[in-house]
Amino acid sequence: MEGTVRLGRIAGVEVQVHWSTGVTASLIALALAEGVFPAAVGGLSTSDYYAMGVTTAALFFASLLLHELGHALQARREGIATRVITLWMLGGVAASEARFDEPGTEARVALAGPAISAVLGVGFVAAGQVSAIPPVPAAVLAWLGWTNLLLLAFNMLPALPLDGGRVLRAALWSRTGSRLGATHAAVRVSRGLSVGLIAVGLLGFVTGNGVGGLWLALVGWFLLSAAAAEMR
C-alpha cells in the first residue's frame with residue numbers, strides 16, 4: 001500500500017502501518033471517550049475518558065497485529081514466509097511470499113489468526129470480570145474482549161479475503177481438486193454477501209444509523225472489490 005510507515009520487525013516479519021489506520025483509531029477513541037466509557041464508568045473527567053479511548057484504540061490495533069502474526073507464524077510452519085504485515089483502516093493484511101500449494105495449508109493458515117482472536121477475546125472478557133480489577137481497566141478489557149469476539153465472528157463469514165472465505169475456498173478446493181474452480185465459487189459467495197452488507201448498511205444510513213450504516217457499506221464495498229481482485 002502507498003502511504004505506509006515501517007514500524008520494524010516482529011518474529012522476523014516486517015510490520016508497517018498505513019496512514020488510514022489513524023482515521024479508524026481516531027474514530028474508535030472518539031466513540032469510546034464520548035459514549036461507551038462515560039456510560040460504563042461514571043465520575044471521570046473528559047481527559048480521563050479520552051485517555052481511556054486512545055489507550056483502548058492502541059490496544060485494539062495491537063490485537064489486530066497479533067491476529068496477523070498468527071497467520072504469519074502458521075505460514076512459516078507450513079514453509080511459506082510472510083513478506084510484510086500491514087495495518088490499515090479495516091484491519092490487517094499479512095502478505096505471503098508464495099501461494100499455498102494445497103488446501104490444507106490454506107485452511108490452517110487462515111484459521112490461525114481467528115484462533116488468536118478467540119484467545120484474546122475470551123481472555124480479555126474473563127480478565128474484565130475479575131472483581132479485584134478497578135472499574136477503568138475492567139471497562140477497557142470488556143470492550144477489547146467483546147470487540148475481538150465480534151470481529152472474530154465477522155471475520156469467519158465465508159467471503160474472500162476474510163479468513164472464513166479462505167476456509168471456504170480451501171474446503172471447495174479439497175473437494176473438487178481445482179484451486180481455480182474453488183476460487184470462482186468462493187468469489188460468487190463473496191459477491192452475494194458483499195452486496196447484502198452494502199444494502200444493509202445503506203438501509204441503516206437512511207433509517208438513522210448514519211455512521212454505522214456507512215461503515216458497514218464501506219466494508220461491503222471493500223469485500224466486493226477484494227473478491228474481484230481474487231478473481232483476477
Side-chain angles (χ1 to χ4, degrees), residues 1 3-8 10-11 15-71 85-94 113-157 162-163 197 201 204-205 208-219 222:
M1 296 180 181
T4 58
V5 176
R6 185 178 183 274
L7 298 182
I10 300 178
V15 178
Q16 61 185 20
V17 59
H18 188 255
W19 65 264
S20 62
T21 303
V23 176
T24 303
S26 298
L27 291 174
I28 291 174
L30 185 65
L32 292 174
E34 295 193 352
V36 175
F37 288 149
V41 184
L44 302 180
S45 66
T46 301
S47 60
D48 288 336
Y49 289 127
Y50 273 94
M52 290 174 66
V54 171
T55 300
T56 305
L59 291 173
F60 171 67
F61 275 96
S63 67
L64 292 180
L65 176 58
L66 290 175
H67 174 106
E68 297 303 327
L69 281 171
H71 291 308
I85 291 174
T86 304
L87 296 178
W88 71 302
M89 69 182 303
L90 292 181
V93 178
I116 297 295
S117 294
V119 171
L120 290 174
V122 172
F124 284 140
V125 170
Q129 298 297 316
V130 177
S131 59
I133 293 182
V136 169
V140 171
L141 289 169
W143 187 88
L144 288 170
W146 289 114
T147 301
N148 269 283
L149 293 175
L150 179 63
L151 289 179
L152 166 64
F154 174 78
N155 199 38
M156 289 308 296
L157 290 176
L162 299 178
D163 294 330
L197 288 175
F205 175 75
N209 185 15
V211 175
L214 285 178
W215 190 256
L216 189 60
L218 174 63
V219 171
F222 161 71

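Judged by distance alone, with hydrogens and angles left aside, the side-chain atoms of Ser117 form no donor-acceptor pair with the main-chain N or O of Leu152 at under 3.5 Å. Within the 3.5 Å criterion, the main-chain N or O of Leu44 finds no donor-acceptor partner in the side chain of Asp48.
Among residues two or more places apart in sequence or in another chain, the ring-ring contact (aromatic ring centres under 6.0 Å, His included) test is passed with Tyr50 by none. With sequence neighbours excluded, the residues satisfying ring-ring contact (aromatic ring centres under 6.0 Å, His included) with Phe222 are Trp88. For Val5, the side-chain contact (heavy atoms from CB on, under 4.5 Å) partners are Val17, not counting sequence neighbours. Ser47 pairs by the side chain to side chain donor-acceptor pair (under 3.5 Å) definition with Ser45, not counting sequence neighbours. Legend: residues meeting side-chain contact (heavy atoms from CB on, under 4.5 Å) with Leu69, ordered by chain and number and at least two apart, are Ile10, Leu65, Leu66, Ile85. The side-chain contact (heavy atoms from CB on, under 4.5 Å) test applied to Val122 returns Leu149, not counting sequence neighbours.
Contact check for Leu141 versus Ile133: side-chain heavy atoms found under the 4.5 Å cut-off. With a 4.5 Å cut-off on side-chain heavy atoms, Leu162 and Met156 do not count as touching.
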Using a 3.5 Å cut-off and no angle test, enumerate the donor-acceptor pairs between side-chain atoms of residues 35-43 and protein atoms at least two apart in sequence or in another chain.
none

**OP:** Would you check, one step at a time, whether the test side chain to side chain contact (heavy atoms under 4.5 Å, CB included) holds for Val136 with Tyr49?
**Re:** CA-CA 9 Å; Val136 169; Tyr49 289 127; over 6 Å; no
**OP:** Could you go through the side chain to side chain contact (heavy atoms under 4.5 Å, CB included) check for Met52 and Val140 one step at a time?
**Re:** CA-CA 7 Å; Met52 290 174 66; Val140 171; 4.1 Å; yes
Original post:
Given Asn148 and His67, is the side-chain hydrogen bond (donor to acceptor under 3.5 Å, both in side chains) satisfied, shown in steps?
Top reply: CA-CA 10 Å; Asn148 269 283; His67 174 106; over 6 Å; no
Subject >> Evaluation steps, side chain to side chain contact (heavy atoms under 4.5 Å, CB included), between Ile116 and Glu68 >> reply: CA-CA 9 Å; Ile116 297 295; Glu68 297 303 327; over 6 Å; no
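The two residues His71 and Pro114 have their closest heavy-atom pair at CE1-CD, 3.9 Å. Across every non-hydrogen atom of Ala57 and Ala25, the tightest pair is CB-O, 3.7 Å.
Among residues at least two apart or in separate chains, ring-ring contact (aromatic ring centres under 6.0 Å, His included) pairs with a member in residues 118-145 are Phe60-Trp143.
The closest side-chain donor-acceptor pair between His18 and Thr4, if any, does not fall under 3.5 angstrom.
The structure places OG1 of Thr86 at 12.0 Å from CZ of Arg6, a figure rounded to the nearest 0.5 Å. To the nearest 0.5 Å, atoms CG (Leu59) and CG (Leu120) are separated by 11.0 Å. To the nearest 0.5 angstrom, Asn155 atom CG is 11.0 Å from Leu150 atom CG.
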